[in-house]
Novice: 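The structure follows.
If you're wondering where the values come from, they're calculated on a predicted model, not measured in any experiment.
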Amino acid sequence: MALSNPAQKKGEYRAVLYTVSGYGAGDAIKLRRDATILGREKGDVIITDHEISSTHCQIQNINGVYHIFDMNSTNGTFVNKSRIVKSRLNPGDEITIGKTVFRFALEEDTKVRHITTIFRGNQNSETASRGSLVDTMIEDKVKNKQQYSLWLAIKYGNGVTETIELPQKQIYLGRATSFGQFENDVEISRKHLLIKLNDHGEVFVEDQGSTNGTYLNGAKIKGMHPLSAGDTIRLGSIEVKVSVKTG
């Protein structure tokens with residue numbers, strides 16, 4: 001009997017990528033419960049394919065529903081052969097990045113415990129050891145896990161500056177934001193920009209379909225983008241720089 005929305009039954013199902021063709025054909029990859037980044041050099045799933053960008057795309061669990069976000073990759077992310085910026089994923093969907101094709105599935109958690117969680121790619125001893133360590137950290141929720149916090153250095157259009165520390169890992173900037181002075185800028189949408197911090201201390205930003213757009217180092221962005229130290233985000237007349245501190 002078919003199950004409706006199995007991903008919503010928390011703890012019973014796990015997202016899995018089955019490699020249909022390309023590097024590692026026949027492999028299965030168990031995804032993280034929150035968000036998984038795929039890329040050639042940086043991310044949770046490392047794929048040796050020169051047509052794949054360093055950080056290529058992200059699969060994210062949002063309230064029990066999985067979505068895929070292109071991270072401004074050079075050659076694009078495709079779902080069922082259609083290029084996407086972001087898309088909801090359903091069991092059976094095919095994801096193509098570079099020369100690699102995956103089939104997305106939701107499987108019973110008890111049946112996929114033997115599947116490697118993350119860090120597939122070059123299967124040397126160092127990678128295998130690292131993959132084992134990361135898998136253990138995720139599954140057993142190690143108590144000594146590194147804690148990160150977001151710091152925003154904000155410069156408003158009137159020249160006023162302030163620095164704000166935020167303990168949460170995901171925040172939205174816009175006129176509806178409860179902190180700062182964003183509500184005074186009419187060029188900013190109510191829910192303008194998402195800033196997301198992952199478990200590795202990496203930061204990503206995504207415009208939320210704002211009217212006037214979000215700019216990263218002067219370039220208008222679409223989709224989800226990784227941030228580097230010193231990057232400047234502009235929304236309306238306001239400039240924001242994001243940094244991460246540990247504690």
Novice: At their closest point, which heavy atom of Glu202 faces which heavy atom of Ile37, and how far apart are they?
Specialist: OE1-CD1, 4.4 Å
Novice: Answer yes or no on whether Arg175 is positioned over the face of Phe182, meaning its NZ or CZ is under 6.0 Å from the six-membered ring centre and within 45° of the axis.
Specialist: no
Novice: Could you check whether any side-chain N or O of Arg14 sits under 3.5 Å from a backbone N or O of Leu31, counting only pairs where one atom can act as donor and the other as acceptor?
Specialist: yes
Novice: If we only count heavy atoms from C-beta on, is the Lys155 to Ile238 side-chain gap below 4.5 Å?
Specialist: no
Novice: Run the numbers on Ile47 and Phe102 for side-chain contact (heavy atoms from CB on, under 4.5 Å), then give the verdict.
Specialist: CA-CA 12 Å; Ile47 305 167; Phe102 300 102; 3.6 Å; yes
Novice: Just checking, any donor-acceptor pair under 3.5 angstrom between side chains of Glu239 and Tyr156?
Specialist: no
Novice: Can you check whether Gly174's main-chain N or O pairs, donor with acceptor, with Thr177's side chain at less than 3.5 Å?
Specialist: yes
Novice: Looking at Tyr172, I'd like to know if the NZ or CZ of Lys191 sits under 6.0 Å from its six-membered ring centre while staying within 45 degrees of the ring's axis.
Specialist: yes
Novice: Do Phe179 and Val203 share a hydrophobic cluster (ILVMFWY, side-chain heavy atoms under 4.5 Å, transitive)?
Specialist: yes
Novice: Let me check something: do Ile46 and Met71 share a hydrophobic cluster, defined by ILVMFWY side-chain heavy atoms less than 4.5 Å apart, either directly or through other members?
Specialist: no
Novice: Whether the Gln208 and Glu206 side chains hold a donor-acceptor pair (N or O, under 3.5 Å, no angle test) is what I'd like checked.
Specialist: yes
Novice: Between Asn61 and Arg33, is there a donor-acceptor pair closer than 3.5 Å when you use the side chain of the first and the backbone of the second?
Specialist: yes
Novice: For a side-chain contact (heavy atoms from CB on, under 4.5 Å) check, start with the C-alpha distance between Leu235 and Val240, then their side-chain angles and the critical distance, and finish with the verdict.
Specialist: CA-CA 8 Å; Leu235 53 162; Val240 180; 4.0 Å; yes
Novice: Output the distance between atom OG (Ser73) and atom CG (Leu38), rounded to the nearest 0.5 Å.
Specialist: 11.0 Å
Novice: If you look at every heavy atom in Ser149 and Glu165, which pair is closest and at what distance?
Specialist: OG-OE2, 3.5 Å
Novice: What is the distance from atom CG of Asp27 to atom OH of Tyr18, rounded to the nearest 0.5 Å?
Specialist: 12.0 Å
Novice: Keeping His56 on the side-chain end and Ser54 on the backbone end, is there a donor-acceptor pair under 3.5 Å?
Specialist: no
Novice: Run the side-chain contact (heavy atoms from CB on, under 4.5 Å) check on Val65 and Arg88 step by step: do they pass?
Specialist: CA-CA 8 Å; Val65 178; Arg88 176 172 175 164; 3.4 Å; yes
Novice: Rounded to the nearest 0.5 Å, what's the gap from CG on Leu89 to CD1 on Ile59? Could you check?
Specialist: 5.5 Å
Novice: Do the side chains of Val244 and Ile164 join up, straight or via other hydrophobic residues, at under 4.5 Å, putting them in one cluster?
Specialist: yes
Novice: Treating Arg234 as the side-chain partner and Gly236 as the backbone partner, does any N or O pair qualify as donor plus acceptor under 3.5 Å?
Specialist: yes
Novice: Measure from the side-chain N and O atoms of Asp70 to the backbone N and O of Ile84, and report whether any donor-acceptor pair falls under 3.5 Å.
Specialist: no
Novice: So for atom CZ, which belongs to Arg83, do other residues, nucleotides or ligands contribute more than 12 heavy atoms lying within a distance under 6.0 Å?
Specialist: yes
Novice: Check whether any side-chain heavy atom of Phe104 lies under 4.5 Å from a side-chain heavy atom of Val79, and answer yes or no.
Specialist: no
Novice: Identify whether Leu193 and Phe69 are in the same connected component of the hydrophobic contact network (ILVMFWY, side-chain heavy atoms under 4.5 Å).
Specialist: no
Novice: List the atom of Asp44, the atom of Thr36, and the distance in Å for their closest heavy-atom pair.
Specialist: OD2-CA, 3.3 Å
Novice: Do Phe78 and Val20 sit in the same hydrophobic cluster, where Ile, Leu, Val, Met, Phe, Trp and Tyr count as joined when their side-chain heavy atoms come under 4.5 Å apart?
Specialist: no
Novice: Could you give the distance from CD1 (Ile97) to CZ (Arg40), rounded to the nearest 0.5 Å?
Specialist: 11.5 Å
Novice: May I ask you to decide if Glu51's main-chain N or O and Asn75's side chain share a donor-acceptor pair within less than 3.5 Å?
Specialist: yes
Novice: Quick check: closest heavy atoms across Thr77 and Cys57, and the distance to 0.1 Å?
Specialist: OG1-CB, 3.6 Å
Novice: In Å, rounded to the nearest 0.5 Å, how long is the span from CG of Leu150 to CD of Gln168?
Specialist: 7.5 Å
Novice: Does Ser87 reach the main-chain N or O of Ile68 with its side chain, forming a donor-acceptor pair under 3.5 Å?
Specialist: no
Novice: Does the side chain of Thr19 come within less than 4.5 Å of Thr100's, by heavy atoms?
Specialist: yes
Novice: Look only at the side chain of Asp207 and the backbone of Ser210, and say whether a donor-acceptor pair between them is shorter than 3.5 Å.
Specialist: yes
Novice: Are any of the side-chain heavy atoms of Val242 and Leu152 separated by less than 4.5 Å?
Specialist: yes
Novice: Which heavy atom of Leu106 sits nearest to which heavy atom of Ala15, and what is that distance?
Specialist: CD2-CA, 3.8 Å
Novice: Can you find a pair of side-chain heavy atoms, one from Lys196 and one from Gln60, that are under 4.5 Å apart?
Specialist: yes
Novice: Look up atom NE2 in His67 and atom CD1 in Ile62, then write down how far apart they are to the nearest 0.5 Å.
Specialist: 5.0 Å
Novice: Kindly give the heavy-atom pair with the smallest separation between Glu187 and Asn212, and that separation in Å.
Specialist: O-ND2, 2.8 Å
Novice: Is there a donor in the side chain of Thr214 and an acceptor in the side chain of His192, or the other way round, less than 3.5 Å apart?
Specialist: yes
Novice: Name each donor-acceptor pair under 3.5 Å that joins a side chain in residues 217-229 to protein atoms two or more places apart or in another chain, with its distance.
Specialist:
| from | atom 1 | to | atom 2 | distance (Å) |
| --- | --- | --- | --- | --- |
| Asn217 | OD1 | Thr232 | N | 2.9 |
| Asn217 | ND2 | Asp231 | OD1 | 3.0 |
| His225 | NE2 | Lys222 | O | 2.8 |

Novice: For Leu194 and Val205, what are the C-alpha separation, side-chain angles and deciding distance, and is it a side-chain contact (heavy atoms from CB on, under 4.5 Å)?
Specialist: CA-CA 6 Å; Leu194 168 67; Val205 295; over 6 Å; no
Novice: Taking the side chain as every heavy atom from C-beta outward, state whether Ile195 and Phe204 have any atom pair closer than 4.5 Å.
Specialist: no
